[in-house]
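Note on naming: letters A, B, ... go to the chains in the order of the sequence lines (proteins, then strands), and numbering restarts at 1 for each one.
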Amino acid sequence: KNQVEQSPQSLIILEGKNCTLQCNYTVSPFSNLRWYKQDTGRGPVSLTIMTFSENTKSNGRYTATLDADTKQSSLHITASQLSDSASYICVVSAGNTGTASKLTFGTGTRLQVTL
Amino acid sequence: DVKVTQSSRYLVKRTGEKVFLECVQDMDHENMFWYRQDPGLGLRLIYFSYDVKMKEKGDIPEGYSVSREKKERFSLILESASTNQTSMYLCASSFTGVYPYEQYFGPGTRLTVT
């Protein structure tokens, strides 16, 4: 069964600090891995998408890494801001589902940035 | 920018009522999806559609049906709402032609069934 596990479940950090969120997956065959940001009461918004051949990708202060051998990914947030407070969801796409792209979602890490 | 809109942000219905959730996308995407999101469970796929009048079951289709009469609109129908269908419902759409088939999400509808 395809699974995506994220850690920690929740995290509180001070504004300006860095943090790293983890994602482990067992999805086969692997196609790509996505990180989404979801503000409370809103839909998820894509931060990065990485395919098998990519091991790092940045989007502003967000940097995602992928190790396809160990089936692990991380999302590093640099110089956190209050607006980074949200849930961060790791999503893995299986490679055998055509263009409809069947996704397996993690349960998310809830990040709170405080003053 | 891709825009996916959902007909209601919040909805309260009674057990046994028929409920319609509407989703509209403005980017001519072929694929549309309905998910539900519950605490501790992540998003789960209910149904998806890859073309007008085409639909396929997702992981949890029981108690739901869908309709796609026009390319831009995808409706989720709860034939007889039950309390265990209280959840956040998210619609998404994606374009077939460009890998990795990015999915764009709507703002969600929080449905409460009493």
Side-chain angles (χ1 to χ4, degrees), chain A residues 1-10 23-27 29-54 57 59 64 66 86-110, chain B residues 1-6 8-10 21 23 25 29-51 54-60 68 74 87-112:
Chain A
K1 180 182 177 184
N2 290 338
Q3 284 189 309
V4 175
E5 295 184 353
Q6 294 186 244
S7 62
Q9 276 192 315
S10 62
C23 174
N24 296 334
Y25 63 91
T26 52
V27 175
F30 175 86
S31 177
N32 57 74
L33 184 144
R34 310 152 188 235
W35 283 94
Y36 283 88
K37 179 186 179 188
Q38 185 177 23
D39 292 316
T40 301
R42 312 295 296 186
V45 174
S46 178
L47 294 174
T48 65
I49 298 179
M50 288 184 292
T51 59
F52 185 86
S53 59
E54 296 172 299
K57 205 159 194 179
N59 177 0
L66 172 64
S87 287
Y88 292 84
I89 304 172
C90 177
V91 185
V92 181
S93 175
N96 60 351
T97 55
T99 61
S101 195
K102 181 80 179 295
L103 305 180
T104 301
F105 291 79
T107 56
T109 292
R110 177 73 196 165
Chain B
D1 275 354
V2 174
K3 193 158 187 184
V4 180
T5 57
Q6 296 183 227
S8 305
R9 294 297 310 280
Y10 301 93
L21 303 182
C23 174
Q25 51 92 6
H29 285 172
E30 292 86 356
N31 305 313
M32 297 189 75
F33 309 81
W34 275 107
Y35 296 91
R36 65 176 281 177
Q37 185 177 30
D38 300 289
L41 291 179
L43 276 76
R44 292 178 292 167
L45 181 64
I46 304 171
Y47 268 97
F48 70 95
S49 168
Y50 52 89
D51 202 351
M54 306 303 288
K55 61 185 179 184
E56 286 205 19
K57 293 180 180 179
D59 299 319
I60 51 164
R68 193 165 180 202
F74 193 33
S87 187
M88 171 74 120
Y89 290 88
L90 289 158
C91 175
S93 71
S94 72
F95 180 51
T96 293
V98 180
Y99 179 81
Y101 317 123
E102 171 75 80
Q103 287 192 21
Y104 298 88
F105 286 85
T109 294
R110 183 162 295 281
L111 172 67
T112 301

Applying salt bridge (charged side-chain N to carboxylate O under 4.0 Å, His left out), name anything that partners A:Lys57, two or more places apart in sequence or on another chain.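 Listed in chain order: A:Glu54.
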With sequence neighbours excluded, what pairs up with B:Asp38 under the salt bridge (charged side-chain N to carboxylate O under 4.0 Å, His left out) test? B:Arg36, B:Arg44
Give, as side chain, backbone, both or neither, the part of B:Leu41 having an atom under 4.5 angstrom from any heavy atom of chain A. backbone
Atom group of B:Gln37 that falls short of 4.5 Å from chain A, counting heavy atoms: side chain
With a 4.5 angstrom heavy-atom cut-off, is it the side chain or the backbone of A:Gln38 that approaches chain B, or both, or neither? side chain
Just checking, any donor-acceptor pair under 3.5 angstrom between side chains of B:Glu56 and B:Ser49? no
Parallel, tilted or perpendicular for B:Tyr35 and B:Phe105, by the 30°/60° rule? tilted
